[in-house]
There are 2 protein chains.
Amino acid sequence: MNPVPSDPAEGSLLLDDQLCFALYAASRAVIARYRPLLDELGLTYPQYLVLLVLWEQDEISVRELGAALQLESSTLSPLLKRLEAHGLLRRERRSDDERSVAIRLTDTGAALRERARAVPLAIGDAMGLTREQDALAKQLLRLLTENVTTR
Amino acid sequence: MNPVPSDPAEGSLLLDDQLCFALYAASRAVIARYRPLLDELGLTYPQYLVLLVLWEQDEISVRELGAALQLESSTLSPLLKRLEAHGLLRRERRSDDERSVAIRLTDTGAALRERARAVPLAIGDAMGLTREQDALAKQLLRLLTENVTTR
DNA sequence: CACGATCTAATCGCGCGCTACTTTATTGCT
DNA sequence: AGCAATAAAGTAGCGCGCGATTAGATCGTG
């Protein structure tokens, strides 16, 4: 006594009506696509995101990194320790504000950027969206994130 | 010597050009929105997804559940044990095929459905997308998942 | 019927991701 | 200056997710 595609999504408890599930499944599927490529670089997906930020702006605090990636220090601290252990970056207390920790790429970390250039190309290819679809998707996802985040 | 919005996204290493990041951030933001609602039901987000499936089709194998949610048994097995420990479902070896485990809701698990009805309504509201945007987003996300998964 | 290939769950190890909490440093107020 | 409030990073605990592996059941082919 359930279906009839009455008002799709509005209050439905059917899995396939849920945007949240489409989102969750897509996110994991895309990350899974990245995995073999990132394995070659010795990186996990969140580690790759951290490096994307650092390649754009080296010398950044944990706080700023968290703001850029929307991640808590409780997630970033151990992740950054692992990247430091792999020799890709250094963490150092700031002298002007000892609460803050400055993250800086090592030469190895900076050099990895060249090897990473192939990644977005391969992924863009695998996603198989037109330029318009890609732009539209990004736009919708940002709107959604914005709506859902701000009170 | 980097920017100039030359060909957005095509091979860029800028975080904000990455569809994958928009996806990853949106997924976490939406799940975060669910958290307080699901807390009231004593559920995590993936547990809620499992129940969505079971409310649609009770008596299902771990394999089928994994196919529906795109999750491995290594994720589902412990998750199902926790739901069993909370009294929401039962796991039982099938007599006709002893490899398979049948998942069945308890009365408590089935009854939780009524309390869950409020969830999609509240979330739909918080997402703040028009019906068209919602449908378009789902469509794009499914296309993306399909492209990225196959092959 | 035998026996190797396949299938199903489950386990283990590891890296997130988040909440709650702690520690240390800085700021703001009087 | 003194001290509460705030801020930054980190730790602990828990629940995913996933790759790799394993144990046991079933299937397929000779």
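Naming: A, B, ... by sequence-line order, numbering from 1 per chain. Excluded from the calculations below are hydrogen atoms, water molecules and symmetry mates; all remaining heavy atoms, backbone and side chain alike, are included.
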Using side-chain heavy atoms (C-beta onward) and a distance below 4.5 Å, is [X] in contact with [Y]?
X       : Y       : answer
L121(B) : R117(B) : no
L15(A)  : L69(B)  : yes
L43(A)  : L112(A) : yes

Is the distance from OP1 or OP2 of [N] to the nearest side-chain N or O of [X] less than 4.0 Å?
X      : N       : answer
R28(B) : dC18(C) : yes
S74(A) : dA20(C) : no
R35(B) : dT19(C) : yes
Q47(A) : dC16(C) : yes
S61(A) : dA8(D)  : no

Original post:
Any donor-acceptor pair under 3.5 Å between the side chain of S77(A) and the base of dT11(D)?
Top reply: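 No.
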**OP:** Answer with yes or no whether S73(B) presents, from its side chain, a donor or acceptor under 3.5 Å of a partner atom in the base of dA10(C).
**Re:** yes
[X] [atom1] - [N] [atom2] separation (whole Å):
X      : N       : atom1 : atom2 : answer
R82(B) : dA10(C) : CZ    : P     : 13 Å
R99(B) : dT26(D) : CZ    : C1'   : 4 Å
K81(B) : dT11(C) : NZ    : C1'   : 8 Å
L38(B) : dC16(D) : CG    : P     : 11 Å
E72(B) : dG15(D) : CD    : P     : 21 Å
R93(B) : dA23(D) : CZ    : P     : 14 Å
D39(A) : dC18(D) : CG    : C1'   : 11 Å
R63(B) : dT6(C)  : CZ    : C1'   : 13 Å

**OP:** Select from Y45(B) and E98(B) the residue whose nearest nucleotide in DNA chain D is closer to the 5' end of that strand.
**Re:**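 Result: Y45(B).
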Subject >> D97(A) vs T75(A), nearer the 5' end of DNA chain D by closest nucleotide >> reply: D97(A)
Subject >> Pairwise 5' ranking along DNA chain C for I31(A) and S95(A), keeping only the more 5' one >> reply: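 Nearer the 5' end of the strand: I31(A).
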Original post:
Where each residue is assigned the nucleotide of DNA chain C containing its nearest heavy atom, which of E64(B) and A29(B) is assigned the position nearer the 5′ end?
Top reply: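 The residue whose closest nucleotide sits nearer the 5' end is E64(B).
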Considering every strand and a 4.0 Å limit on heavy-atom distances, what is the contact class for [X]: base, sugar-phosphate, or nothing?
X      : value
D96(B) : sugar-phosphate
L76(A) : nothing
L71(B) : sugar-phosphate
L79(B) : sugar-phosphate
T44(B) : sugar-phosphate
R94(B) : nothing

Original post:
When hydrophobic residues are tied together by side-chain contacts of less than 4.5 Å, even through go-betweens, does L37(A) share a cluster with L23(B)?
Top reply: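 Same cluster: L37(A) reaches L23(B) through Ile, Leu, Val, Met, Phe, Trp or Tyr contacts under 4.5 Å.
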Original post:
Under the 3.5 angstrom rule, does the side chain of R93(A) hit a backbone N or O of E98(A) as a donor-acceptor pair?
Top reply: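 Here the side-chain-to-backbone pair exists.
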Original post:
For G109(B), does its backbone N or O pair with a side-chain atom of W55(B) as donor and acceptor, under 3.5 Å?
Top reply: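 Present.
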